[in-house]
Structures are given as C-alpha cells and as structure tokens.
Amino acid sequence: MSGALRISGAGRLSQAKTARFSFDGQSYTGIEGDTLASALLANGVHLVGRSFKYHRPRGILSAGAEEPNALVQIVRDDARKTPNVRATVQELYDGLAANSQNRWPSLSFDVSAVNDLASPLFSAGFYYKTFMWPKAAWKSLYEPKIREAAGLGVSPDKPDPDHYSSRYAHCDVLVLGGGAAGIAAALAAAETGARVILADEQAEFGGSLRFESGAKIDGQDGFAWAQAAIARLRAMDNVRVLPRTTAFGYYAQNFVGLVERVSDHLKAPGHDLPRERLWQVRAKRVVLASGAIERHMVFANNDRPGIMLAGAARTFLNHYGVAVGRNVGVYTANDSAYAAAIDLKKAGVNVAAIVDLRDNPTGPVIDEARALGIEINFGRAVIRAGGKLRVSSMTVQPKNGGGERTVPVDAILMSAGWTPSVHLFSQSRGKVAFNDETKRFVPGTYAQDCISVGACNGTDGLSATVDEAYAAGAKAAKDAGAKTAKGTKPKVDASESWSRGMLGAAPGAGPDTTVKAFVDFQNDVTAKDIRQAVHEGMRSIEHVKRFTTNGMATDQGKTSNMHGLAIAAETLGKPIPEVGLTTFRAPYTPVTFGAIVSHARGPLFDPTRKTAIHPWAEAQGAVFEDVGQWKRAWYFPKAGEDMHAAVDRECVAVRNQAGLFDASTLGKIEVVGPDAAKFMELLYTNPWEKLELGRCRYGIMLREDGFIYDDGVVGRLAPDRFHVTTTTGGAPRVMNHMEDYLQTEFPHLNVWLTSITEQWAVIAVQGPKSRDIIAPLVEGIDMSDEALPHMSVREGKICGVPTRLFRMSFTGERGFEVNVPADYGQAVWEALWAEGQKHDATAYGTEAMHVLRAEKGYIIVGQDTDGTVTPNDAGLDWAVGKKKVDFVGIRGMARPDLVAKGRKQLVGLKTKDPKVVLEEGAQIVEDPKQAIPMKMIGHVTSSYWSQNCGRSIALALVAGGRDRMGDTLYVPMPNGVIEVEVTGMVFFDETGGRLNG
Amino acid sequence: MLLIRCPYCEEERPELEFRNAGEAHIARSANISGESDDDFEKFFFIRSNPKGIIYERWRHMHGCARFFNAVRDTVTDKFVMTYKAGEPKPSKLPGVAK
C-alpha cells in the first residue's frame, strides 16, 4: 500500500507500481499514475500551501486544472525549478521533488500568517488606500516591501536548459476536450473520414467519466468505454489524439493554440524529447467539449485544508483509489455531492452527515444515500468550519437561524453546482447568454465556425450529452466537406444527472457578517470584500474584479467568478446579466514562455546576415557591430590597440595611403525597363533622364510628406538600366516604397525592380593609392581620370570575374567601389588585399568609415536625419531638380511649415576645447544661464574624435543653423557646459581636391 | 492569426505573409505639385478610421509581393473580400447588410 488512505480495490491504478517522491524534503510513496495531489492525499497530507495575502494554510480543492490552492514548485535540478505547478495536474514520477510556496520558515509555522490576524488592514483595495501617504515612502518603503511579499513561487535563476518544439497543423474538425462529449464528437467526425484532432488536458481521456461511477456506455463502465474509443480513434489514419494538451487560446478564423506537455511527467526525459510542444491549429470546424467546473460553497473558513469539491473527492476515490478522509462531512446545494457521499460510504469511509441547503429535494441519489444510512439534513447550512491546519469540524445550523450543532469531521466535500466552461467559446468572441432558470452562462451567439456540446453548453445528463455531441461531430465534419458518417452512435445505458445549485454566499456568510468566507482562494477574496467593493462605488463587474482582485490570479477565477458575480449583483440589487461577466482572455491556463518562444532564442532569435568577406574579417580579429540583421566589421584592432587607437590608425591610413572596406551590406536595387529613367525621376528628387551612360549621381529619396527617406549613389549602366544603392538598413523599405509606387500609383510605367543586395559583394578601396591597388587586377576598363572620372561606373573584369566598378567616394579621397558577384567576394578581396600590402593599405571598419565621412560632412540618413529633415534642412537643395513638376515628396516639401524660417538645419560644430568630444544626442542652447527648463534649439547628430583634423568634430541640427555661422552656442552636460562654435559641415579638404589626389 | 485571400495567388494564406499598407482608394493627384494645402492635407493626412467596413491596402509581402485591396470589418476583424489593385471600389459587398 502506498499511503494509509489508499483504499484497497478502489481506483484504477496498479498498486504494484510504486513511485517515491518528496514534499518539502519529506519522503513519501505514491503509485505510478497518481498526480502529486492524489499521492499526497493518499499519505494523509492535505496542507500543501499558504495563501497569497493572509498566508492561511491551504489544502487541495480540486482534482484538475481549476486548482487555486495547491501550487507547488517542482525541482528537477539546479536549473529546472518550475514554480506554481498545480499539484492536481502534475503527474507523479519516481524521484519527483516538490516544495510548498509562499511560506517561511515552514508550511506549518509561517511567520507571515500574522497577516491573517491583521486582515482588517488588508481588505479589498488595500493597495490603493493604505500606501498613499507619505508620498516619499512609496519608493523607499512600500514598493520594495510589497514586491518582496508579492508573487507566487520563486523564478528559476538559470537559463532554461530544456528545448521546446512548435508545429502547425490543419484539420477538418478540432475537438477540444476528451470527456464523453468530446470522444463522441470525435468518433462521429472521424467515421466520415474527416481529418480530426482530439485534445484533452489530462493524461488520460474520459473527463468526468473518471469519477462518474454510475455511467455505462455500450455495455461498459464509462471510463473503460472512453479508453476503448480512444484506442479506436488512435488507430485511424485521419485522427490525431493529443493527451496532456491544453487548448489555451482561441484566435481569429478558427486558429487555436494548444500546448502539449511532452515530458514533464517523465522520470528522466531524454534530450530527444522537447519539454513542451506548441500546436498552432487551423481547423475548418471546432467542437468545444470543455465540460464544467464545480463550484465550492461560500461559508466561514471554507478554505481549511481538507475541505474540497465533491467531484474532486470522487475522482480521488474512483480513479486514484484514495479516500480524502476517514470521517467526512458533505455540504451541498445540488445532487452531485450525494454521489460522492455514496461512493465514499461504499468504500468504507464514514460519512458523518450530508448538509443540504435545499428544503425538500427528492431523487434517486437522495434515496440511495438514505438507504445507505447516511444522515441527511435538509434546509440547513454549514456556517463555519473548525480546525486550522486541517479541518476538524463543521458547525451546522438551520439556514434561517436557530440552534447550532458541531459535527466532528476530517474532510468536507462541497458542491454549489457546476459552471459551464465557456472560456474558449468566449475567447472565440462568441457571446454568452444567461439562463435564468439554471443560473448559468451558456454559449449564446456564435462568432466563429464552432459548436459547444455537453456540459460546457449547459447540457445535463450523459445521454443528452452523447446524443448532442455525436450529432455535432457528424455535422462539423459534413460542414467541413466530409461525407456522411457510417458509424453507430454510442449507446448510454446508465448515467448520472444533476443540475442547479446555488450562486453566491451561503447562510452564515451573508451581508450582516464579517466572517472569512472565501470566494477566490488564490487571491484571498472573501464575500465581504466583494460587498465592500460595491459599497465603495464599484458598479461594473470589471471594476469589482480589479478592486478586489477576484478572478485575477493564475487560475483566473475558474471556481470563483460566478460566486463573485452573484454577490456583487445581490449587493447592487440587480439581476446577474445586468452586472455582466468579466471577459475571458487567453491563456486558459498558464503557458510557459519556452513553449511560445520555442527554438527562436539565442542565435536563432533573429536571422544573422554575414557578407562574403565576413570570414576574412573574422580571421583578422575584427570586432563586429550589429547593423540591422547584418554583422559588420566595426574596427580591426592590432595587438595592444583599443578601439580609439585602431580607429585613429585606420582613418589616417586611408588618407595617407589607402584603405579597404567591406561595403557589401549596402542595399542595391536594379531598376530596369524602357521607363526606368521616368520611374527614377518620380522616386528621387534628382533629374535622371539626362544622366549619361556610365555616370553616377547621388540621389535623394523622399516620402510623400517631403522628408528625406533614403539616399545613395545611382549608376546608369544602360539607357534602361540603373544600379541603385541604398543605405544598409533602408534596403527593404526602399524596395517596398518603390514597389508600392510602381504597382499602385505608376502602374503604366514599364519597369522591373530587382533586389541585388546579396548578389554583389562590394569592396571599397579608398585613398591616394586606391587606383594603384586596383589597376593591376582590372581588365577592359581604362582607369585614367579622363576615362573613369569621379562619379562614374564601368563594367569589366577584375581578377577574371565580372565587375561593376564604381569610381566614387564616401571618404573624400580618390575612391572606388568594386562590385563582384558575391561568390567571388572574398577571393577578390584577398587579391586586392595582397596588392594593397605593396602600398601599406589597411582594412578599415564601420567606425572609421563614419569618422571619415563626417570629416567631409557627408550625412548618414537615419543618424543626421530623423524623418523630419527636408533636403533643404540637410543642405542638399542642390540635389533637388528645380525644373521637375513631379516626384514623390514634391508637394509635401512645399508645405508651409517645411519652408518656414527657423527650421533646424544641419551644420558643423567645433568645440572651443578641441580635445572635448561632444555626446551624440546632446541638446544645444543659446544661453546656458537661462532658467531650467532651458529652450533647446537643436541637438548633436554625429560626433567623433578626428585624428586627421587633430580635433573633435560634430554635426548638429540647429534652429536657423546656417544663419549662425561663427556663433557660439552651448551644450549643457551633467559635468558642466561645453562651448561650441557653429561651422560649415566640411572639416577636411574643403575644396575637394583629394577626390582626384 | 487571420487568413487572407490574395487575389493574385487566388489562395487563402496566413496573415504572416502579408503587410497592411493603409487605407485604399486614396488617389495621388496627377498634378500633385499644383494641389492646395487643404487638398494635400486630405490626401496625405486624413484617414477615415471607421468602426465597421474599411477599404485598405495589403501587400502579399512574403508571397507574390503584389499590393491589393481588401474590405475588412474593423469590429469583427473579418475580411469581407479582396480584389486587385486598380479595380474599382466594390459597390456591393457579399454578406454585408447596409
């Protein structure tokens, strides 16, 4: 026997297969097939946690996913410490180690339980009221203390070592929930040949057939029928059966998210198994068979360990073979708890008394209970439970008052009725309707192609459920395009049936009382708290929820929402539907980040783009920086050099000898077609029709609002062919922008656009020796200044491979950009590098590139512009075709605000102290002595130490900047004010002579 | 995730393949540089933002890369229909009572 409360002959587990486990360091024995909850109960352990706010001792309330109390931390190893695992869901494996949460120093003696005595301080909304004054205490005292006390469980502090997988699936019929209804629907759909997926959150299918001992289908015990039906379904090629799989989210157009727990139940999960698998299913039809959740009775001290839902006690007995006590009491407002009393009594457990709030109910279960000799008390209430760490008694009183009687018990089974699980239906945007007779919210208006069947649809009784579900499964398959079913409907031979019950607080916990009668166990919300929220002015149920936190914990109020709503409605004096139901949102139960993220973490979080020359740069010890998804060589440090020294050396070498730079990441688009020039005229500010073949032009692209969007050098290779370059980061959006106009505004133009960014590797060779380095390797291109002047392009060969050789410069030096097919990129680079060595050339990275261009006042779109800068603001009026009547941005650029005086203009800044380098983004003011807040007239956009200039240099956007040449402005910084002089944007070689140097 | 029918591919494809591109049927003037400030404001800045039926542009970015138009209900997030760029605004919508 594994545990003193295991009943010989009861349940479905094989007693032979024991499993050792520990709880709070204490060793116990359970049976394979147990949940942690059933194994603890078998050992007589009810006390499993402390509550969130009052630190009250708590036990196991339920036997399923709705569990609010029994949250534990499962510790597999140093990195695997999963908090807030519901003990009722966690399957037992040999060696499982679990710890209780929210207690210190121990579960039976918890210091913070003093909160329970101080509970008047912690009533509804106490966060909003208690911690108001003094204001300064919030940051230093209240917030840190609250953060320390709040939260459930402890997060693991190491990276998650498990892996997760993700699958997409399509099906005709997706059945969610694998109880009698779900199985019947899946059978009907599967028999038509339709593609069916059946998912259930439990390890074994059967739903409430696990505990309904009175159910008989097709001549078998209900649970046995379920297993046989699942075996049939598994054997069918058109059916996928997913146990341990929770549908957590229902999204648009029948897109449903499910998470399958693949290996959390295994003793030693192999690394070949993911921990969890995310299923993203698109279903033509969805059948919702999510069942119903039993509600507890709301009475004083109803949270004492040993008090649990009647259906849960039945599950523990009939499935796991565990008696939840030896002398149990029953408190109910509907028939279903009688079945629990009967089952326990037959198993040899003493049932001290059934207390039924109803006056004179009749029915077969009542007769049977009476026949078994169980004491039944109608019209009476349990007004309080005794005991602290475990319930010890229940005090019974006639519901309209009168003499009290205390009955000793070691467990209380309670049932206030069953709440249909409309969570997924509601997530699908369906509207629920309130059935006033049965006091239940049931599916009303559907928004998607789904249908609810069985208990979640408010259908009572197994026979009606199977009929409804079988018909719905067949119809769903037919609607999804399948043939008519050939199967036979399961025949229900015997069933249990119950309905009704009560909502809200029971007698003894009414408006005139101050007892702790819990509505929401996980967030410690009592009936009194809800009434208080209404009295303090909360009218909408959404406000009551947020003020009291009813239904806001990890269980999302699965057991508490209806009680909370009923109490609020009663206090407001309004019918329930007028108070409304809070919105059900995904996820149904908590989902791990691991399942959602799956493989998309670490290096797979985002694609990494590397150029053809990347391996060479890596071998040279380059330091890389991220530019969008690209890895770019930032600088090439030599032994002993820091970044500053390396960049200084690279900058000087380019101007004195030559430098090689990997410019492959530049966006490149080929614009081809008879109307290519017309198209370029419309997309860029510059004139293009007259650009000669083999020449280049610096182009500016605007958005329709007149602001700079991108820039780049464009070469004309043929009358109908332009090689367009864009910024590295701008390539995709420039392509999108061009395609948008071509397809939708200028579809009459005969033009094709092709992204060629990855087809061409680009090697920039810049500096006075650049031609000497390239020339020996080039065939078929005259490299003289006359034949190949600055801003021209030729096609020919280099190192025997095709090249588009651009003569252009982003450094101000004589320069070339060698385009070669990417496959040859590294080979041509290495050949150029070898030539370069004869001329003391250096490799330089993006940082030196930035400094060199800033020395020449060449802007970088996105750094020196920010989406609010016009060509005129940037000093680029010369690049706007004055005679043009149309291009994208021409009208936007003429808007009154964009031509007004005093706009921020791009200028150069020199610090008065040449050694001081400004901070990029620093604000600029006219008068540093003015009162704070100062009037800011601009900001620094680029700033570097320039070794070539022997001083710092900066670019800035300054209001009316071009009228301030020579003026002194100020940059206030935390360590003092920096004086700067406004200058032109060119700091080096103002005449531009070096382009041909 | 929505399913969107691309009128060029003639297939329903997942939303991930598409990019929204703003409201549809806002024509760019052939004489844009001659437009008044008011007209340009209407063209460039003013959008209808309706509760209900919206006509909007989408691009089948990771598919055929074509821009097309769609009619969508902003309340239910359901696509009523899609049609090719350049086709007129549909006067009758399937299944929508006006």
Side-chain angles (χ1 to χ4, degrees), chain A residues 168 170 249-257 280-284 428-431 445-449 682 703-707 732-733 735-748 752-755 881-899, chain B residues 1-5 7-8 12-46 56-69 72-80 83-87:
Chain A
Y168 289 92
H170 293 259
Y250 197 131
Y251 305 97
Q253 289 170 291
N254 275 358
F255 190 70
V256 181
Q280 295 176 77
V281 179
R282 180 82 67 178
K284 286 185 186 154
S428 80
R429 292 189 171 200
K431 287 212 170 23
T445 315
Y446 283 84
Q448 297 205 35
D449 292 329
L682 285 164
R703 297 186 308 220
E704 203 71 85
D705 57 10
F707 295 126
R733 61 180 153 85
M735 186 74 183
N736 187 64
H737 179 83
M738 285 183 165
E739 280 287 355
D740 192 349
Y741 278 94
L742 180 60
Q743 290 182 34
T744 67
E745 295 294 352
F746 313 130
H748 56 282
W752 289 267
L753 303 171
T754 310
S755 166
K882 298 292 172 297
K883 292 178 191 155
K884 293 176 70 168
V885 295
D886 197 3
F887 57 81
V888 174
I890 192 169
R891 180 62 187 80
M893 219 171 64
R895 287 184 288 146
D897 283 352
L898 272 65
V899 295
Chain B
M1 185 163 42
L2 299 171
L3 279 179
I4 302 173
R5 182 180 172 80
Y8 294 95
E12 281 201 325
R13 307 291 304 171
E15 187 184 346
L16 281 178
E17 295 181 10
F18 297 85
R19 291 282 185 283
N20 184 286
E23 194 166 350
H25 299 292
I26 296 170
R28 185 179 188 273
S29 166
N31 175 30
I32 195 161
S33 48
E35 285 212 315
S36 68
D37 282 344
D38 284 351
D39 287 345
F40 184 76
E41 181 195 29
K42 282 193 196 100
F43 158 70
F44 189 73
F45 292 105
I46 306 301
E56 58 190 2
R57 299 167 356 109
W58 284 78
R59 185 180 184 200
H60 195 183
M61 192 80 181
H62 303 293
C64 65
R66 301 297 297 268
F67 284 84
F68 60 90
N69 292 329
R72 186 173 59 93
D73 188 323
T74 59
V75 177
T76 63
D77 210 17
K78 278 187 179 158
F79 278 76
V80 178
Y83 51 103
K84 292 177 179 174
E87 288 179 3

Salt bridge between D449(A) and K284(A), side-chain N to carboxylate O under 4.0 Å? no
Set out, in order, the CA-CA distance, both residues' side-chain angles and the distance that settles side-chain contact (heavy atoms from CB on, under 4.5 Å) for L682(A) and F746(A), then state yes or no. CA-CA 9 Å; L682(A) 285 164; F746(A) 313 130; 3.9 Å; yes
Quick check: under 4.5 Å, non-hydrogen atoms only, which of residues 29-45 of chain B neighbour chain A? A30(B), I32(B), S33(B), E35(B), S36(B), D37(B), F40(B), F43(B), F44(B), F45(B)
Which residues in residues 56-68 of chain B have any heavy atom lying under 4.5 Å from a heavy atom of chain A? R57(B), R59(B), M61(B), A65(B), R66(B), F67(B)
Would you compute the distance between atom CD of E12(B) and atom CZ of R282(A) and round it to the nearest 0.5 angstrom? 8.0 Å
May I ask you to decide whether D705(A) forms a salt bridge with R703(A), counting only side-chain N to carboxylate O separations under 4.0 Å? yes
Does any heavy atom of chain B fall under 4.5 Å from the side chain of E704(A), the backbone, both, or neither of them? both
Which atoms of Q253(A) are under 4.5 Å from chain B, going by heavy atoms: the side chain, the backbone, both sets, or neither? side chain
In terms of heavy-atom pairs under 4.5 Å, which option from E745(A), Q280(A), K884(A) contacts chain B the most? E745(A)
Which is it for E739(A) and L753(A) under the side-chain contact (heavy atoms from CB on, under 4.5 Å) test, yes or no, and what are the steps along the way? CA-CA 7 Å; E739(A) 280 287 355; L753(A) 303 171; 3.8 Å; yes
Show your working on side-chain contact (heavy atoms from CB on, under 4.5 Å) between F887(A) and M893(A) and close with a plain yes or no. CA-CA 10 Å; F887(A) 57 81; M893(A) 219 171 64; 4.1 Å; yes
Hey, does the side chain of Q448(A) reach the backbone of N254(A) with a donor-acceptor pair shorter than 3.5 angstrom? yes
Atom CG of N736(A) and atom OH of Y741(A): how far apart are they, to the nearest 0.5 Å? 11.0 Å
Distance-only, no hydrogens or angles: does the R28(B) side chain make a donor-acceptor pair with backbone N or O of T744(A) under 3.5 Å? no
At a 4.5 Å cut-off on heavy atoms, which part of V888(A) comes close to chain B: side chain, backbone, both, or neither? both
As an exercise, state the distance from CZ of R13(B) to CG of L2(B), rounded to the nearest 0.5 Å. 14.5 Å
For N69(B) and H25(B): C-alpha separation, side-chain torsions, deciding distance, then whether side-chain contact (heavy atoms from CB on, under 4.5 Å) applies. CA-CA 9 Å; N69(B) 292 329; H25(B) 299 292; 3.9 Å; yes
